[in-house]
Amino acid sequence: MAKKHGKAYQKNMDYKSLSKAVGLIPLQSDTSYVRSILGEPIDMGFDFRYLIDSVGSNGCPIGAVFHLDDNGKVDQKWIDEICE
């Protein structure tokens, strides 16, 4: 099911598909699994980011963040405005 929503996100870059895919990707997933679902991320080294084509009320891009632990596994994930 995550693969279906991931493909829809890659095609449409929409919040609904990204949100559903994020919800279905389990914690402790490795980076290759996340890439197989959502495609190539913005790789910050310590997290993966996937953006949609919208900004939030603070003027920041909206997207999903997958924080990676020291072993390269997802230990946190969320979808929201990314203001830094």
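Note: hydrogens, waters and symmetry copies are ignored here, and every other heavy atom, side chains too, is used. For this chain, numbers begin at 1 and follow the sequence in order.
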Evaluation steps, side-chain contact (heavy atoms from CB on, under 4.5 Å), between I82 and I62: CA-CA 6 Å; I82 304 172; I62 297 174; over 6 Å; no
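Not a single donor-acceptor pair under 3.5 Å links the side chain of S19 to the backbone N or O of K16. At distances below 3.5 Å, not a single donor-acceptor pair connects side-chain atoms of Y15 with backbone N or O atoms of I79.
In terms of the side chain to side chain contact (heavy atoms under 4.5 Å, CB included) criterion, residue partners of K3 (sequence neighbours excluded) are, by chain and number, K7, S36, I37.
Cluster membership check: F46 shares its hydrophobic cluster with W78, using side-chain heavy-atom separations under 4.5 Å among Ile, Leu, Val, Met, Phe, Trp and Tyr. In this structure, V65 is not a member of the same hydrophobic cluster as V34, with clusters built from ILVMFWY side-chain heavy atoms closer than 4.5 Å.
Here L27 contributes atom CG and H67 contributes atom NE2; the two are 12.0 Å apart, rounded to the nearest 0.5 Å. Taking OG1 of T31 as the start and CG of L68 as the end, the distance is 7.0 Å to the nearest 0.5 Å. Separating the CG atom in L18 from the CD atom in Q10 is a distance of 10.5 Å, to the nearest 0.5 Å. Between the CZ atom of F48 and the CG atom of L38 there is a distance of 10.5 Å, given to the nearest 0.5 Å.
Taking every heavy atom of both residues into account, S17 and Y9 meet most closely at CB-N, 3.5 Å. Here the shortest heavy-atom pairing between M13 and L51 reads CE-O, 3.3 Å.
Among residue pairs with one or both ends in residues 69-84, those qualifying as salt bridge (charged side-chain N to carboxylate O under 4.0 Å, His left out) are R49-E84; sequence neighbours excluded. Legend: salt bridge (charged side-chain N to carboxylate O under 4.0 Å, His left out) pairs involving residues 28-37, not counting sequence neighbours, sorted by first then second residue: R35-E40, R35-D43.
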